[in-house]
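Labels below follow one simple rule: chain letters A, B, ... track the order of the sequence lines, proteins then strands, and each chain is numbered from 1.
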2 protein chains.
Amino acid sequence: MPEKQVDGRRRVVIECVWPRIDSGQFPIKRVVGDTVVVEANVFADGHDQVACQLLYGRENDKPQSAPMKPIGNDRWRGEFPVLKVGRYEYTLEGWINRFATWRSDLIKRIAAGQDVDVDLLIGAQIIQDVAARTSGQDADLLRRSMRRLRDKTDKESRTNAALDEELLNAVQRYPESNLITEYEKRLPVVVDREKARFSTWYEIFPRSCSPEPGRHGTLLDCAARLPYIASMGFDVVYLPPIHPIGHTFRKGKNNSVSAQPDDVGSPWAIGSEEGGHTSIHPKLGKLEDFKKFMSSAKGQGLEVALDIAFQCTPDHPYVKQHPGWFRTRPDGTIQYAENPPKKYQDIFPLDFESSEWQALWTELKEVVLFWIRQGVRIFRVDNPHTKPFAFWQWFIGDIKEQYPDVLFLAEAFTRPHVMYRLAKIGFSQSYTYFAWRNTKQELTDYFTELTSTKVREFFRPNLWPNTPDILPEFLQVGGRPAFMIRYILAATLGASCGIYGPAFELCENTPYEQGSEEYLTSEKYELKHRDLDAPWSLKDFIARINRIRKQNPALQSDRNLRFHNIDNPSLICYSKATDDLSNIIMVVVNLDSFHAQTGWVDLDLNSLGLDPAHAFQVHDLLGEGRYLWQGARNYVELIPESLPAHILHVRRWVRKETDFDYYL
Amino acid sequence: MPEKQVDGRRRVVIECVWPRIDSGQFPIKRVVGDTVVVEANVFADGHDQVACQLLYGRENDKPQSAPMKPIGNDRWRGEFPVLKVGRYEYTLEGWINRFATWRSDLIKRIAAGQDVDVDLLIGAQIIQDVAARTSGQDADLLRRSMRRLRDKTDKESRTNAALDEELLNAVQRYPESNLITEYEKRLPVVVDREKARFSTWYEIFPRSCSPEPGRHGTLLDCAARLPYIASMGFDVVYLPPIHPIGHTFRKGKNNSVSAQPDDVGSPWAIGSEEGGHTSIHPKLGKLEDFKKFMSSAKGQGLEVALDIAFQCTPDHPYVKQHPGWFRTRPDGTIQYAENPPKKYQDIFPLDFESSEWQALWTELKEVVLFWIRQGVRIFRVDNPHTKPFAFWQWFIGDIKEQYPDVLFLAEAFTRPHVMYRLAKIGFSQSYTYFAWRNTKQELTDYFTELTSTKVREFFRPNLWPNTPDILPEFLQVGGRPAFMIRYILAATLGASCGIYGPAFELCENTPYEQGSEEYLTSEKYELKHRDLDAPWSLKDFIARINRIRKQNPALQSDRNLRFHNIDNPSLICYSKATDDLSNIIMVVVNLDSFHAQTGWVDLDLNSLGLDPAHAFQVHDLLGEGRYLWQGARNYVELIPESLPAHILHVRRWVRKETDFDYYL
């Protein structure tokens with residue numbers, strides 16, 4: 001016997017719901033104000049009409065419904081808005097639309113001139129069934145209609161009543177609930193604030209911000225630098241760790257194993273007698289100074305991002321307080337970091353396999369909660385791929401439950417599945433392989449993967465042309481045009497991007513040695529003093545590009561990236577547009593930092609709503625040129641020293657009802 | 001606090017497991033003797049080595065394990081055999097391979113000349129932990145090794161012991177079970193007998209098998225036809241319904257609404273006073289005759305497939321016995337089938353929304369169990385898409401639990417998602433859109449979807465160039481060559497195919513009217529008498545092709561289909577090969593039944609293991625020609641009247657160790 005508890009009369013099937021990450025195990029990501037578009041296959045056996053709707057809402061709230069419409073081939077589509085930060089859920093339900101099926105059959109019967117007497121009685125019966133589970137106004141309407149359908153005295157009134165639109169709408173509000181198919185999962189959405197999608201980062205070492213050469217800079221010196229950073233149009237200032245630095249096995253200049261007494265050590269070597277992850281390096285200042293820094297940043301329209309680097313020097317207070325959080329070697333010493341045969345004796349990794357793992361997890365969360373209480377809402381997480389995924393999932397989930405506006409950037413430069421997993425389990429943004437994608441093919445393949453596949457639902461790329469660890473070869477050899485090219489690419493391919501400054505805008509490009517991506521005399525191990533007004537500085541150029549980003553919503557999203565053909569392998573062409581095509585940016589970049597390049601673009605006009613029969617104006621927001629283009633093929637010429645790229649604002653020709661032609 | 005019950009130290013992640021249909025909701029399909037190849041992303045944080053294994057077995061059996069190996073980019077692959085019909089399950093588990101990590105680090109340390117004293121003690125501790133959960137021989141080996149690693153007197157013996165392969169293997173047999181990550185689902189497999197994958201069907205109306213014109217044929221007449229069918233190389237003989245036919249509103253010749261007294265009616269109009277779905281039409285014979293028919297078929301190497309058409313005429317015994325299984329109209333009559341404004345008053349559909357649905361389901365299963373008890377093991381299901389999916393899922397699942405060798409062919413010609421859903425919920429084979437795929441582009445697109453996407457895991461196509469309902473336009477207009485072309489395509493594109501005979505081999509091609517796919521004087525409504533020895537019969541041609549199918553394992557599977565370029569839109573070229581390339585068949589078909597066509601193929605040599613530097617022989621199994629080909633480009637010329645296709649057996653040139661060159 002078929003099981004009693006399953007109602008075998010539920011005939012509607014819901015499958016292939018999209019978006020849905022790993023069978024619904026992980027949330028998709030959105031920001032406040034976004035719309036979530038949901039599609040699914042919804043169908044039943046036979047020829048009856050089906051109906052379905054979206055159910056959605058904030059987690060734990062009573063769900064709301066939104067209509068779904070068929071888009072062909074049994075696929076349905078609906079959407080709902082996400083208006084607040086936090087977690088949402090969505091699911092679907094479908095049912096046989098018995099009344100609509102009957103109604104559309106009736107229309108065919110009437111058209112064929114058939115006697116519909118019995119059919120009207122069938123319709124009345126359906127209405128009666130619905131009325132039985134209805135009350136109020138709808139119930140009145142239904143009962144009135146039912147009586148009219150059964151009233152054989154007035155034939156015309158009967159069919160009019162049957163086909164009444166208001167009746168159709170009323171009946172459809174009350175599907176037979178025991179025969180509704182509910183999709184088996186509630187699919188999660190994490191909704192972040194807008195900065196998760198669109199942000200422009202500047203990394204700076206506060207200790208190098210002193211106006212006097214040789215003096216250790218402070219947080220207050222760094223605060224004085226904030227107007228300079230803000231003037232370039234950045235909106236996040238990210239500080240490497242600001243905690244006390246260990247002295248045991250401290251690294252010297254250029255990462256030498258024997259430090260000199262005046263060597264300052266690496267900020268990532270966290271912990272000394274002066275404190276650990278919730279302390280501030282005494283030479284940077286006190287907690288009050290940090291608060292002043294936070295307030296200055298706010299005044300400049302900048303948010304502060306701190307570094308989370310969960311590792312300790314041998315001098316970190318945890319080592320004495322919680323020896324169980326580290327691994328002990330058989331000789332009684334604590335296990336230092338290793339990549340055999342290399343040894344990193346200045347670092348003790350935390351042991352996530354410790355039997356005290358729960359206390360460790362809790363303490364690490366407390367560290368971040370401490371900084372959250374100081375007002376910090378963005379964290380850049382150092383090497384998250386060397387701590388367990390389960391830890392991060394719990395850690396980020398727990399923190400965002402209390403503080404849903406907190407954002408985490410994953411600094412994982414590792415294998416693709418690992419990077420994607422970190423994004424799935426909760427990181428709000430992620431570093432990417434951008435620093436090593438230089439050719440047209442490399443950029444096209446990689447950014448197609450990031451923005452046009454399911455990856456875009458959970459992985460938000462943040463594009464960095466350099467970091468303190470990464471001086472790519474392209475920058476080492478390409479001179480100032482190389483820096484321009486790479487920033488244009490970062491800032492227009494990615495809605496989020498960042499630079500490590502002032503090394504970047506000053507075009508610092510000397511590697512530690514040939515074949516190395518480390519900087520010579522890296523700021524990671526020594527103080528730096530720089531002339532920010534050097535004539536070759538890119539600060540105005542960067543400011544201009546960041547202004548373009550702010551003024552053009554098309555550049556503030558990643559989902560809308562589209563590559564266009566161009567007949568020169570050294571030139572790349574792509575566009576970004578808002579969904580309504582009210583803002584279209586077309587970018588053409590010369591990827592060759594040494595030579596002028598010319599070529600013909602071959603635009604996908606249709607995707608941009610461009611009419612091949614009319615010219616359209618492109619306005620170069622970078623070089624200020626204005627050109628009239630027409631059709632798919634148009635000529636470009638880019639000279640790396642002066643203008644390595646066009647960032648074109650496309651002004652579409654639009655015919656309005658007034659028949660007055662103008663450019664949008 | 002992180003929850004106690006979840007062990008946060010489980011560091012291995014398992015994701016993107018393949019194959020897996022709809023999050024594991026539905027089984028993949030295999031046949032006995034197949035191998036299931038499983039892939040997954042398996043990785044952990046950090047740099048430790050991970051290990052993983054497949055767990056598999058028959059449902060409810062204790063699972064066995066099979067190794068998985070990394071194939072790059074954190075992807076792992078393993079496989080297991082399925083040796084019996086029934087349901088299997090598989091899942092995966094992964095863990096940190098602590099000992100292997102330690103061992104490979106040790107090798108690097110030794111190579112760098114480091115002191116490994118403490119490292120050997122660390123290794124000894126790992127071994128000790130493993131030994132604690134071990135007994136027997138392995139425990140002895142582990143304890144012995146542990147002591148040697150700790151014995152500082154003999155340095156060389158210590159490192160030899162550490163690197164011992166046997167030790168490595170022993171340790172790896174005992175992962176720390178509380179830190180093993182188990183994949184969250186057991187993924188199902190349905191294993192069928194081989195015929196599910198490879199079958200050649202012949203549909204015949206027994207009532208047309210009488211040797212005397214005008215006499216109603218019997219099952220015994222049909223039994224006498226079996227040697228003819230077997231001689232063409234078919235292995236399944238499928239009979240339209242053999243049950244009593246209703247007389248109320250019986251359809252006459254050419255589907256006319258008014259039958260003459262001697263009209264025989266449609267076999268799909270099931271049920272009369274003489275019985276219903278478990279009865280045999282008196283004019284066809286008795287149950288004993290059916291048993292004789294079954295036995296004759298067996299003697300000819302043919303399996304019998306019966307039709308399941310769950311619908312009733314007004315005369316069916318169910319109508320009186322179970323009026324609740326039908327829908328009643330407000331005027332008290334029973335609802336007949338309709339496609340408004342068309343009415344099919346000779347058919348009462350069963351009402352699957354009846355409150356008596358459970359009794360109905362049970363009875364329908366009993367019908368099939370009745371025929372199973374008569375020895376039938378294959379059923380062709382009429383219009384399954386007009387009955388609920390939930391019904392079929394239960395029905396097929398329940399029957400196959402008792403009789404796992406039973407096969408069901410879904411006769412659903414409807415929208416793609418509906419057809420695929422029927423396959424997912426249990427149908428062993430499915431009719432396809434093949435009858436309406438004629439051009440190179442149509443065939444390439446459709447068969448790429450069926451054989452190279454996930455569809456191939458659950459949908460087994462069965463290709464029919466004609467059925468009693470479908471006489472495609474291509475056959476109506478293309479003459480005898482059209483029938484040859486379509487059978488070649490069906491028999492070489494699909495591992496399973498079938499024809500409705502003798503209409504097919506006799507090239508019957510007159511439609512009811514222009515634009516119709518119905519046969520004129522369709523056998524569905526009248527008896528037929530035919531001359532099987534007509535000179536234009538394709539029986540020998542079909543026999544030859546079916547012999548080629550039997551002799552070449554490459555043609556017995558669908559997963560191995562690959563299309564090759566050919567520079568003429570009227571020519572199509574594709575190959576099928578066994579996994580080990582020991583059998584390769586290359587097919588080139590002229591899709592134009594009117595004109596000779598010539599062209600140059602452009603073969604994907606690499607996929608076939610063909611060396612571009614050596615000639616290879618192709619032997620046309622159809623036309624008996626033999627050709628020496630070399631490289632990708634080779635010439636073909638096909639004349640529809642004589643030889644509309646090549647079915648080439650490719651004989652690869654293989655160099656053996658003896659350096660004696662020969663063709664495989």
Side-chain angles (χ1 to χ4, degrees), chain A residues 1-2 4 6 8-11 13 15-16 22-25 41 43-47 73-75 96 104-106 108-109 111-112 114 117-118 121-122 124-125 179 184 329-331 333 338-341 352-354 357-358 361-362 384-391 394 415-418 421, chain B residues 1-2 4 6 8-11 13 15-16 22-25 41 43-47 73-75 96 104-106 108-109 111-112 114 117-118 121-122 124-125 179 184 329-331 333 338-341 352-354 357-358 361-362 384-391 394 415-418 421:
Chain A
M1 270 294 285
K4 297 252 179 202
V6 176
R9 298 174 300 166
R10 277 192 203 123
R11 291 167 47 204
V13 159
E15 59 169 33
C16 301
D22 291 7
S23 311
Q25 196 183 349
N41 300 344
F43 54 87
D45 61 281
H47 306 289
N73 195 20
D74 290 318
R75 193 114 182 115
I96 298 287
S104 98
D105 285 352
L106 184 71
K108 289 176 202 158
R109 293 180 214 274
Q114 293 181 351
D117 192 55
V118 176
L121 295 178
I122 292 174
Q125 184 61 48
L179 298 186
E184 65 266 20
R329 290 159 60 87
D331 60 0
T333 63
E338 289 185 287
N339 183 12
F352 283 87
E353 292 189 339
S354 154
W357 63 273
Q358 285 158 305
W361 284 23
T362 305
H385 57 294
T386 61
K387 289 97 196 167
F389 298 103
F391 165 69
W394 168 83
R415 288 120 50 214
H417 294 314
V418 176
R421 183 81 181 188
Chain B
M1 271 292 284
K4 297 253 178 200
V6 177
R9 298 176 299 166
R10 275 190 205 127
R11 291 167 48 204
V13 159
E15 60 170 31
C16 301
D22 291 7
S23 312
Q25 196 183 347
N41 299 344
F43 53 88
D45 61 283
H47 305 288
N73 195 21
D74 290 318
R75 194 112 182 118
I96 298 287
S104 97
D105 286 352
L106 184 72
K108 290 176 199 156
R109 293 179 213 276
Q114 292 180 352
D117 192 53
V118 176
L121 296 178
I122 291 173
Q125 184 60 50
L179 298 184
E184 65 266 19
R329 291 159 61 88
D331 61 0
T333 62
E338 289 186 286
N339 182 12
F352 284 87
E353 291 188 340
S354 154
W357 62 274
Q358 286 158 304
W361 285 23
T362 304
H385 57 294
T386 60
K387 289 98 196 168
F389 299 103
F391 164 69
W394 168 83
R415 288 118 52 213
H417 295 313
V418 176
R421 182 81 181 189

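- The structure places CZ of A/R329 at 4.5 Å from CD1 of B/I122, a figure rounded to the nearest 0.5 Å.
- Proximity to chain B (any heavy atom under 4.5 Å) is shown, for A/D105, by both the backbone and the side chain.
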- request: Check the pair B/D74, A/V418 against side-chain contact (heavy atoms from CB on, under 4.5 Å), reporting the backbone distance first and the verdict last.
  value: CA-CA 9 Å; B/D74 290 318; A/V418 176; 3.9 Å; yes

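- If you tally non-hydrogen atom pairs under 4.5 Å between each of A/K387, A/R421, A/H385 and chain B, the highest count goes to A/R421.
- With a 4.5 Å cut-off on non-hydrogen atoms, A/S104 does not touch chain B at all.
- Look at B/R109 and A/E338 and you find a salt bridge, because one of the NZ, NE, NH1 or NH2 atoms lies within 4.0 Å of a carboxylate O, short of that distance.
- Your options are A/Q25, A/E353, A/K108, A/R415, and the one with the most heavy-atom pairs under 4.5 Å with chain B is A/E353.
- In this structure, A/N339 has no side chain to side chain donor-acceptor pair (under 3.5 Å) partners at least two apart in sequence or on a different chain.
- For chain B, no part of A/F391 is nearby; none of its heavy atoms comes within less than 4.5 Å.
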- request: Check step by step if side-chain contact (heavy atoms from CB on, under 4.5 Å) holds for B/R11 and A/F352.
  value: CA-CA 9 Å; B/R11 291 167 48 204; A/F352 283 87; 5.5 Å; no

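- Neither the backbone nor the side chain of A/Q125 comes within less than 4.5 Å of any heavy atom of chain B.
- The greatest number of non-hydrogen atom pairs below 4.5 Å with chain A, out of B/A112, B/S23, B/C16, is found for B/S23.
- In terms of heavy-atom pairs under 4.5 angstrom with chain A, the leader among B/A111, B/S354, B/A124, B/P384 is B/S354.
- For A/N41, the side chain to side chain donor-acceptor pair (under 3.5 Å) partners are A/E15, A/R75, B/H417, not counting sequence neighbours.
- By number of non-hydrogen pairs under 4.5 angstrom with chain B, the leading residue of A/D117, A/T386, A/L121, A/D45 is A/D45.
- Here the CG-CD distance, from B/D22 to A/E184, works out to 8.5 Å after rounding to the nearest 0.5 Å.
- For A/L106, no part sits under 4.5 Å from any heavy atom of chain B, backbone or side chain.
- Most heavy-atom pairs under 4.5 Å with chain B, from the set A/G24, A/P416, A/A390: that is A/P416.
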